[in-house]
Amino acid sequence: MQDNDNVDAPKVSIYVSTFNRIDRLKRAIDSVLRQDYTNWELLICDDASSDGTEGYCLELEKQDSRIRYFRNPTNLGACAARNLGIFNAQGMFITGLDDDDEFTSERLSFFVKNWRENFSFICCNFINKYTNTESIYYKNRDEKRVFSYKDLLFENEASNQVFTLTSRLQGIGGFNKDVKRLQDWDTWLRLAFKYGSFKRFNKPTYI
């Protein structure tokens with residue numbers, strides 16, 4: 001394992017919240033294990049699943065020291081589950097993964113390579129994959145790459161997951177548990193409002 005303070009390869013924390021979707025969760029975790037960047041920690045945040053998720057994740061912890069498992073005693077919702085990971089994160093950087101999604105193998109290395117302190121966060125385009133249909137690549141509607149919080153007032157230009165300093169996501173209090181829908185949009189808006197503009201790359205690294 002590389003040290004968290006390694007300038008060339010700082011640790012990246014990945015939080016994934018889940019609730020009774022073990023088969024999809026396994027696919028998401030596999031995409032983390034396939035990353036070409038190895039200095040990461042995966043924080044699995046279980047919102048009181050009853051489908052065997054706990055046993056599966058406890059076994060994963062034994063097999064890979066980079067994997068850490070957290071569990072809410074009762075179902076508290078996605079925001080509370082994500083915050084379990086965010087406020088236990090030990091990496092310099094942090095990003096999220098939904099339990100029904102996947103990373104492309106170069107996602108973390110791309111973000112670390114392209115990180116700049118002057119942006120509040122960076123993000124990428126994504127691919128929507130449907131069963132028995134062709135995948136659809138979503139990209140920016142125009143050539144604009146850098147956005148401000150004002151752009152987020154009208155549309156979620158940041159997509160559903162971003163990459164930023166852990167201290168910044170903690171600095172805005174993580175996800176707001178009182179927001180019942182579009183919680184990611186709300187979070188990115190608060191990040192951009194507090195820390196400045198963000199950059200979106202026309203490269204799909206999320207499925």
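Reckoned from all heavy atoms, side chains included, excluding hydrogens, waters and symmetry mates. Along the sequence shown, the residues carry numbers beginning at 1.
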**Item:** Side chain Ser49, main chain Asn20, donor-acceptor under 3.5 Å
**Value:** yes

So CG of Leu60 and CZ of Arg66: to nearest 0.5 Å the spacing works out to 11.5 Å

- prompt: Donor-acceptor pair, Asn39 side chain versus Ala9 backbone, under 3.5 Å?
  reply: yes

Q. In this structure, are over 12 heavy atoms from other groups packed under 6.0 Å from Lys26 atom NZ?
A. yes

Consider only side-chain heavy atoms of I, L, V, M, F, W and Y, link residues closer than 4.5 Å, and tell whether Phe103 and Phe201 are in one cluster. yes

message = Applying side chain to side chain contact (heavy atoms under 4.5 Å, CB included) to Ile127 and Thr104, what does each step give before you reach the verdict?
response = CA-CA 10 Å; Ile127 297 169; Thr104 61; 5.6 Å; no

Paired with Tyr206, the side-chain contact (heavy atoms from CB on, under 4.5 Å) test is passed by just one of Thr95, Asn125, Asn160, namely Asn160

Consider only side-chain heavy atoms of I, L, V, M, F, W and Y, link residues closer than 4.5 Å, and tell whether Tyr56 and Val16 are in one cluster.
-> yes

Problem set entry | Donor-acceptor contact present, side-chain Asp101 to main-chain Leu97, <3.5 Å | no

- Honestly curious: do Leu191 and Val179 fall in one hydrophobic cluster under the side-chain, below-4.5 Å linking rule? no

**Message:** Looking at Glu157, is its backbone amide N or carbonyl O close enough to the side chain of Trp188 to form a donor-acceptor pair, meaning the two atoms are under 3.5 Å apart?
**Reply:** no

Nearest heavy-atom approach of Arg24 to Asp100 is CD-CB, 3.8 Å

Rounding to 0.5 Å, atoms OH (Tyr69) and CG (Leu58) come to a distance of 6.0 Å

Nearest heavy-atom approach of Phe93 to Pro10 is CE1-CG, 3.4 Å

Taking every heavy atom of Ala89 against every heavy atom of Gln170, the minimum-distance pair comes out as O-NE2, 4.2 Å

task: Look only at the side chain of Arg107 and the backbone of Cys124, and say whether a donor-acceptor pair between them is shorter than 3.5 Å.
output: no

Interatomic distance, CD1@Ile94 vs CG@Leu169, rounded to 0.5 Å, equals 5.0 Å

- Between Ser197 (side chain) and Phe119 (backbone), is there a donor-acceptor pair under 3.5 Å? no

Margin query: Would you say that Arg82 contacts Gln183 through its side chain, given a criterion of any heavy-atom pair below 4.5 Å between the two side chains?
Written below: yes

- Query: Do we see a donor-acceptor contact under 3.5 Å between the side chains of Ser109 and Asp36?
  - Reply: yes

Original post:
Taking Ser105 for the side chain and Arg34 for the main chain, is one N or O donor matched with an acceptor at less than 3.5 Å?
Top reply: no

Looking only at heavy atoms, the pair that brings Phe87 and Gly174 closest together is CZ-N, 3.8 Å

The salt bridge (Lys or Arg N to Asp or Glu O under 4.0 Å) partners of Asp186 (sequence neighbours excluded) come to Arg190

**Asked** Honestly curious: do Ile86 and Leu76 fall in one hydrophobic cluster under the side-chain, below-4.5 Å linking rule?
**Response** no

**Prompt:** So do the side chains of Leu25 and Cys57 get within less than 4.5 Å of each other, counting heavy atoms only?
**Reply:** yes

Those residues at least two apart in sequence (or on a different chain) that pass ring pair (Phe, Tyr, Trp, His ring centres under 6.0 Å) with Tyr195 are none

Side chain of Gln90, backbone of Val12: donor and acceptor closer than 3.5 Å? no

- So, Lys199 side chain and Asn114 main chain: donor-acceptor pair closer than 3.5 Å or not? no

In short, Ser13 meets Leu43 closest at the heavy-atom pair CB-CD1, 3.8 Å

Interatomic distance, CG@Leu42 vs CD1@Ile67, rounded to 0.5 Å, equals 5.5 Å

Review point. Are Lys113 and Glu106 close enough for a salt bridge, meaning some N to O gap below 4.0 Å?
Key: no

Practice problem: Run the salt-bridge test on Glu117 and Arg168 with the 4.0 Å N-O cut-off and return the result as yes or no. | Solution: yes

Check whether Asp47 reaches the backbone of Phe19 with its side chain - one donor and one acceptor, N or O, closer than 3.5 Å. no

Output for pair (Asp184 CG, Asn156 CG), nearest 0.5 Å, gives 5.5 Å

Other residues, nucleotides and ligands only: do more than 12 of their heavy atoms fall within 6.0 Å of CZ on Phe193?
no

Hits for ring pair (Phe, Tyr, Trp, His ring centres under 6.0 Å) against Phe111, two or more places apart or cross-chain, chain-then-number order -> Phe163

Side-chain heavy atoms nearer than 4.5 Å, only ILVMFWY residues, links allowed to pass through others: does that put Trp40 and Leu165 together? yes

Value for CD1 (Ile122) from CZ (Phe110), rounded to nearest 0.5 Å, stands at 7.0 Å

Correct closest heavy-atom pair for Thr187 and Phe175 would be OG1-CD2, 3.1 Å

message = Which label fits Phe121 and Phe198: parallel for a plane angle under 30°, tilted from 30 to 60°, or perpendicular past 60°?
response = parallel

- Do Ile29 and Ile44 come within less than 4.5 Å of each other through their side chains, counting heavy atoms only? yes

